[in-house]
Amino acid sequence: MRIAVLGTGVVGRTLAAALVTHGHEVTVGTRDPVASLARDGADGFGTWAAAHPTIEVGSFAEAATGAELVVNALAGTASVAGVTAAGIADGTVLLDVANPLDASHGYPPSLFVANTDSLAEQLQRAQPGLRVVKSLNTMTARLMVSPQELPGFTTFVSGDDADSKAVVTRLLTELGHTDVIDLGPLETARGAEALMLVWLRLWGVVGSPMFGYRIVR
């Protein structure tokens with residue numbers, strides 16, 4: 001598939017690099033490509049992009065043009081604006097991996113939307129022509145693309161469109177996810193996003209983000 005990954009952070013970079021290895025054509029979208037590519041150094045996006053020459057870089061709109069699937073890997077606070085700016089074609093699957101984290105009051109962060117709404121639902125309302133699917137937000141970036149490092153953990157999928165969830169599930173299978181649970185309609189993303197509050201505290205207790213939820217059934 002032709003896939004656009006919105007976001008130049010660790011999650012976006014990790015997913016983009018992995019998707020290319022599975023034969024997909026990937027473009028990373030950023031608000032300001034020139035500024036993003038100018039960031040060098042060990043953790044700079046420009047350095048990363050130079051090391052991944054098969055991955056194109058463009059604006060949000062350039063990345064989304066012609067994409068069959070768009071991944072929202074932006075910060076939660078920037079997600080609605082970024083996805084809107086991308087001008088994604090109606091009918092496109094939007095895989096939302098972001099979390100609505102609010103760190104304005106210190107650590108650990110809270111959620112800026114919860115209980116009666118979710119970031120995924122906000123994205124769907126902002127872009128009603130898209131087919132939003134929530135997944136991969138309950139794990140660290142490394143496990144998103146290397147789930148075999150923690151055998152047996154569960155990956156969740158939420159969405160209103162069965163065909164879109166099937167597309168995302170096939171992509172998850174490509175990445176190595178073997179236990180995928182369809183939680184149901186997009187409103188179930190409220191629960192998946194709320195898991196981040198537990199996840200962050202577990203990270204503090206166990207001292208590593210390399211863990212996941214395992215559903216025994």
Side-chain angles (χ1 to χ4, degrees), residues 1 3-7 11-12 15 68-84 86 88 90-102 108-141 143-145 147 150 152-203 209 211-217:
M1 288 191 292
I3 298 176
V5 177
L6 306 183
V11 172
L15 284 170
E68 300 166 76
L69 182 142
V70 177
V71 179
N72 173 39
L74 295 164
T77 52
S79 289
V80 172
V83 169
T84 300
I88 305 167
D90 286 354
T92 305
V93 177
L94 178 70
L95 169 56
D96 176 32
V97 305
N99 280 299
L101 297 178
D102 177 6
S110 59
L111 303 180
F112 63 75
V113 58
N115 301 322
T116 59
D117 200 2
S118 66
L119 176 59
E121 291 170 276
Q122 290 187 345
L123 288 167
Q124 186 67 84
R125 288 196 301 273
Q127 299 294 311
L130 302 184
R131 297 185 291 165
V132 180
V133 177
K134 188 81 182 190
S135 190
L136 293 177
N137 68 297
T138 58
M139 65 196 73
T140 190
L143 285 178
M144 289 181 186
V145 302
L150 191 67
F153 81 92
T154 302
T155 305
F156 305 108
V157 173
S158 299
D160 292 332
D161 180 71
D163 290 340
S164 301
K165 287 190 285 189
V167 169
V168 169
T169 299
R170 285 195 296 272
L171 198 65
L172 295 174
T173 301
E174 281 185 17
L175 293 172
H177 294 267
T178 58
D179 186 28
V180 179
I181 292 182
D182 183 348
L183 294 178
L186 194 59
E187 68 176 21
T188 62
R190 301 172 190 179
E193 291 178 1
L195 283 174
M196 185 51 50
L197 297 177
V198 179
W199 191 91
L200 288 166
R201 285 155 179 79
L202 281 171
W203 185 354
F211 60 85
Y213 301 100
R214 182 178 182 182
I215 307 302
V216 179
R217 61 196 188 281

With rounding to the nearest 0.5 Å, note down the distance linking [atom1] in [X] to [atom2] in [Y].
| X | Y | atom1 | atom2 | result |
| --- | --- | --- | --- | --- |
| Leu119 | Leu111 | CG | CG | 10.0 Å |
| Leu94 | Leu6 | CG | CG | 7.5 Å |
| Arg190 | Thr116 | CZ | OG1 | 6.0 Å |
| Leu200 | Leu202 | CG | CG | 9.0 Å |
| Leu123 | Asp96 | CG | CG | 5.0 Å |
| Asn99 | Thr77 | CG | OG1 | 11.5 Å |

Any non-hydrogen side-chain atom of [X] less than 4.5 Å from a side-chain atom of [Y]?
| X | Y | value |
| --- | --- | --- |
| Leu130 | Val83 | yes |
| Met1 | Val167 | yes |
| Leu172 | Ser135 | yes |

Closest non-hydrogen atom pair, [X] against [Y]:
| X | Y | answer |
| --- | --- | --- |
| Val132 | Gln124 | N-OE1, 3.2 Å |
| Leu197 | Pro109 | CD2-O, 3.9 Å |
| Gly82 | Leu74 | CA-CD1, 3.8 Å |
| Glu68 | Thr92 | O-CG2, 3.7 Å |
| Ser158 | Ala189 | OG-N, 3.6 Å |

Check whether [X] reaches the backbone of [Y] with its side chain - one donor and one acceptor, N or O, closer than 3.5 Å.
| X | Y | value |
| --- | --- | --- |
| Tyr213 | Phe156 | no |
| Ser118 | Glu121 | yes |
| Glu193 | Lys134 | no |
| Asn72 | Ser79 | no |

| task | Tell me, with the steps shown, if Leu15 and Leu136 meet side-chain contact (heavy atoms from CB on, under 4.5 Å). | result | CA-CA 10 Å; Leu15 284 170; Leu136 293 177; 4.2 Å; yes
| Sequence neighbours excluded, every pair satisfying salt bridge (Lys or Arg N to Asp or Glu O under 4.0 Å) that has a member inside residues 109-120 | Asp117-Arg125
| request: Report the relative orientation of the aromatic rings in Phe153 and His177; use parallel for angles under 30°, tilted for 30 to 60°, perpendicular for over 60°. | output: perpendicular
| said: Please determine whether ring pair (Phe, Tyr, Trp, His ring centres under 6.0 Å) holds for the pair Trp203 and Phe211, giving the CA-CA distance in whole Å, both sets of side-chain angles, and the decisive distance to 0.1 Å. | reply: CA-CA 8 Å; Trp203 185 354; Phe211 60 85; 7.9 Å; no
| remark: Applying salt bridge (Lys or Arg N to Asp or Glu O under 4.0 Å) to Arg201 and not counting sequence neighbours gives none
| field | Residues that Asp161 engages under salt bridge (Lys or Arg N to Asp or Glu O under 4.0 Å), provided they are two or more places apart | value | Arg131
N/O donor-acceptor pairs under 3.5 Å from side chains in residues 179-186, not counting sequence neighbours:
from: Asp179; atom 1: OD1; to: Arg217; atom 2: NH1; distance (Å): 3.2
from: Asp179; atom 1: OD1; to: Arg217; atom 2: NH2; distance (Å): 2.7
from: Asp179; atom 1: OD2; to: Thr154; atom 2: OG1; distance (Å): 2.7
from: Asp179; atom 1: OD2; to: Arg217; atom 2: NH1; distance (Å): 3.3
from: Asp182; atom 1: OD1; to: Lys165; atom 2: NZ; distance (Å): 2.9
from: Asp182; atom 1: OD1; to: Gly184; atom 2: N; distance (Å): 2.8
from: Asp182; atom 1: OD2; to: Lys165; atom 2: NZ; distance (Å): 3.1

| note | By side-chain contact (heavy atoms from CB on, under 4.5 Å), Thr84 pairs with (sequence neighbours left out) Val80, Ala126, Gln127
| task | Under the ring pair (Phe, Tyr, Trp, His ring centres under 6.0 Å) rule, collect the residues that match up with Phe112, sequence neighbours excluded. | result | none
